[in-house]
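In the text below, chain A, chain B and the rest are named by the order of the sequence lines, each starting its count at 1. Just so it is clear, the model here is predicted, and its values are computed rather than measured.
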Amino acid sequence: MLTLKKIIAELDFIAKSLTKRGYNEDDIKDLLHELISHDKKRKSNQQANDDLKSKMKDFSGQIGKLYKEGRQNEASKLKAEVVVLKEKIKTYDENDKELKSKIDDILLSIPNAPHNSVPHGKNEEDNEVVKDWTDPLPNLAGDALPHWELAKKYNLIDFELGAFITGSGFPLFRNKGAKLKRALINFFLDEAEKAGYEEIRPPLMVNEASAMATGQLPDKEGQMYYMEKDDLYLIPTGEVPITNIYRDVILNENDFPQKVTAYTPCFRREAGSYGSDVKGLNRVHQFDKVEIVQISHPDESYKLLDQMVSHVENLLIKLELPYRILRLCGGDLGFTSALTYDFEVYSAGQKKWLEVSSVSNFESFQSNRLKLRFKDSNGKIHLAHTLNGSALALARVVAAILENFQTPEGIVVPKVLRDYLNFEIIN
RNA sequence: GGAGGGGUGGCAGAGCGGUUGAAUGCACUGGUCUUGAAAACCAGCGUACUCGCAAGGGUACCGAGGGUUCGAAUCCCUCCUCCUCCGCCA
């Protein structure tokens, strides 16, 4: 969430930038002013309360001394006074609690303020293409197939069997399909390692505190699978466990940047999805992803964002997939993000652009919830910035590879993957 | 799942109802000494909120949340977590 400090200091900027997400500027200003007035009340309440508590402490100390000296009567008198103080403190404590929860409720409801470069817009149609694909798109024969047909033809993915074992949206990969997936995971992890990321294998379920810290809760409650018996959430992305490595952490200034990568399956309920979007691998409940995360000094985060964008771009180039890069408009921007670039890959069999990566700078929005801070050279403490990106999401990359590289003889796998496979063609 | 023992500052480790935000050691930072370094000595060294231009105050925090008490790191309850042993299992 945004910090109160930032809201007070940059109220006009924040209100204006939130209009990109569709907020009415006056409404949001009213809300922010309400927030600030709650905070003022909270401060003066605390001030009064602290004074009382200080007095109480002092009296209690005196009572102890009086008892030691055997002056019972005086002690009893003081005790009576403390009882009165305590009553007052109780009401101040209650006020404090109430004001804090009001403040928190409002803060939790406000999304991140979009970066200056984020365009206005309602939905994906308003996203800005920052890098388009200008070369010719794969020109397939007239009888070219979409990936779900290819998957059936070459026995690579069994959607029905996955549905039988679990449910729809849980595809079962087999044979060369399974191997292709493993090759991609290894390729992505190796590339991340070359770029200086530490590889980890995190838990795939997280507790409420972790889901809260990265912003999945309370915003995306319905998108996660929830294990009621154990009060755990299946991760919707590796971002959650990776970023939570840094919950309640104070780094040193020279520890930056922290770079961590992980391969994890991701689980998403995808409630409300329908139509051709959900065909084949386009939208599934379980998919594999290699995630990259960086923890950054605030001054560096946009530079690092660019680096991450080129990292992802490089993967797509190596995979020889046509891609384009979009800057998400305010309306399409995630709740926690200040700036997000999406990567889409052209899947020639279905003649569709598929989102395969999302690279974001959260600035201090996540750090604030994570309590992820750093000490500068003067010993002062500040919030760090967090960034993450998919590098890459597997399911749709597989879809694009199958479709784009199909030939009458079979599917010719991209050269870069051949080191990871004991075959060059799927037939 | 059963039985037992723990969770205190960066780490180790005291304290087990009353100036204890917390001894001591190590680590770390600054200083003295030294040609330099080490050693020795001196000083400093948590986080959050809050008041203050600042210097410097106040409050809270000893796994988390409640409770008892004039007063709790210390007593009671609930939960979380770690360790040891037994059971079960990959």
Side-chain angles (χ1 to χ4, degrees), chain A residues 1-9 35-108 201-213 217 226-233 241 244-255 258 265 364 366-384:
Chain A
M1 54 190 171
L2 294 170
T3 62
L4 252 168
K5 212 170 134 189
K6 192 168 175 169
I7 288 173
I8 292 168
L35 190 61
I36 291 170
S37 102
H38 286 320
D39 185 52
K40 272 188 187 153
K41 269 186 219 153
R42 201 205 102 244
K43 282 178 184 170
S44 69
N45 186 72
Q46 184 188 329
Q47 201 57 37
N49 198 13
D50 284 356
D51 285 347
L52 292 176
K53 283 181 176 167
S54 172
K55 213 181 227 175
M56 183 176 95
K57 260 179 125 172
D58 181 40
F59 283 7
S60 294
Q62 288 185 38
I63 290 169
K65 260 189 213 158
L66 290 172
Y67 271 122
K68 271 185 189 156
E69 292 165 12
R71 296 150 75 180
Q72 319 282 359
N73 283 346
E74 288 166 75
S76 307
K77 256 188 225 165
L78 266 186
K79 262 197 202 178
E81 280 193 56
V82 174
V83 171
V84 176
L85 281 179
K86 253 182 97 175
E87 272 310 302
K88 282 191 192 163
I89 288 171
K90 208 173 153 188
T91 65
Y92 278 103
D93 276 345
E94 277 161 15
N95 287 344
D96 186 66
K97 227 179 195 172
E98 203 184 310
L99 286 164
K100 268 186 185 152
S101 93
K102 273 186 190 166
I103 290 169
D104 270 357
D105 285 350
I106 297 177
L107 282 176
L108 284 172
R201 288 241 140 184
L204 304 180
M205 295 189 204
V206 295
N207 57 31
E208 191 184 337
S210 293
M212 190 68 101
L217 293 177
Y226 174 58
M227 241 65 52
E228 193 169 8
K229 205 162 183 181
D230 299 291
D231 200 17
L232 294 172
Y233 296 86
N244 270 280
I245 293 172
Y246 297 95
R247 175 148 56 89
D248 287 320
V249 165
I250 300 178
L251 295 165
N252 283 316
E253 199 170 28
N254 46 22
D255 293 336
Q258 296 279 311
S364 60
Q366 279 185 332
S367 298
N368 190 27
R369 286 204 204 171
L370 287 159
K371 297 203 185 64
L372 163 54
R373 292 154 293 169
F374 71 96
K375 229 174 223 177
D376 69 19
S377 50
N378 298 316
K380 290 230 183 218
I381 286 173
H382 314 272
L383 290 172

Scanning all shown strands, the Watson-Crick or wobble mate of rG17(B) with both distances under 3.5 Å is none

For nucleotides 48-64 of chain B, 5' to 3', base contacts (B), sugar-phosphate-only contacts (S) and non-contacts (-) with protein non-hydrogen atoms under 4.0 Å give SBSS------BSS----

For the residue pair N49(A) / D93(A), report whether a side-chain donor-acceptor contact shorter than 3.5 Å exists. yes

**Asked** Counting any heavy atom closer than 4.0 Å, what does I63(A) reach on the DNA or RNA strands: base, sugar-phosphate only, or nothing?
**Response** base

message: If I pick the P atom on rC86(B) and the same atom on rG71(B), what distance separates them, to the nearest angstrom?
response: 47 Å

Between K65(A) and A80(A), the residue closer to the 5' end of RNA chain B by nearest nucleotide is K65(A)

Report task. With P as the reference atom in both, quote the distance from rC26(B) to rU19(B) in angstrom, rounded to an integer. Result -> 27 Å

Re rC62(B): Watson-Crick or G-U wobble partner, both distances kept under 3.5 Å, found to be none

Checklist entry - Is any side-chain heavy atom of Q258(A) less than 4.5 Å from a side-chain heavy atom of D255(A)? => result yes

Please confirm whether the shortest side-chain N or O distance from K86(A) to OP1 or OP2 of rG71(B) is below 4.0 Å. yes

Partner of rA43(B) under the Watson-Crick or G-U wobble criteria, both distances under 3.5 Å, comes out as rU29(B)

Answer for the Watson-Crick or wobble partner of rG52(B), both distances under 3.5 Å, is none

Span that lies between the C1' atom of rG13(B) and that of rG52(B), in whole angstrom:
38 Å

Closest to the 5' end of RNA chain B, once K68(A) and M56(A) are matched to their nearest nucleotides, is K68(A)

Task: C1' atoms of rC62(B) and rC16(B), separation to the nearest Å - done: 12 Å

Discussion item. What I want to find out is whether D58(A) reaches K55(A) closely enough, with some N-O distance under 4.0 Å, to be called a salt bridge.
Written reply: no

inquiry  = Hydrogens and angles aside, do R42(A) and N45(A) bring a side-chain donor and acceptor to less than 3.5 Å of each other?
reply    = no

Partner of rA72(B) under the Watson-Crick or G-U wobble criteria, both distances under 3.5 Å, comes out as none

query = Is there a side-chain polar atom (N or O) of K77(A) under 4.0 Å from OP1 or OP2 of rC70(B)?
reply = no

Next on the checklist: Between rC42(B) and rC33(B), how many Å separate the two C1' atoms, rounded to a whole number?
Outcome noted: 11 Å

Of the candidates rU47(B), rG71(B), rG66(B), the side chain of K97(A) sits closest to rG66(B)

>> With rounding to the closest Å, how many angstrom separate the C1' atoms on rG10(B) and rG46(B)?
In response: 10 Å

Any strand, both distances under 3.5 Å, Watson-Crick or G-U wobble: rC85(B) pairs with rG2(B)

Notebook entry, point to check: Do NZ/NE/NH1/NH2 and the carboxylate oxygens of E74(A) and R71(A) come within less than 4.0 Å?
Noted result: yes

By ring-ring contact (aromatic ring centres under 6.0 Å, His included), Y233(A) pairs with (sequence neighbours left out) Y226(A)

**Message:** Could you check whether S210(A) and N207(A), counting side-chain N and O atoms only, form a donor-acceptor pair closer than 3.5 Å?
**Reply:** yes

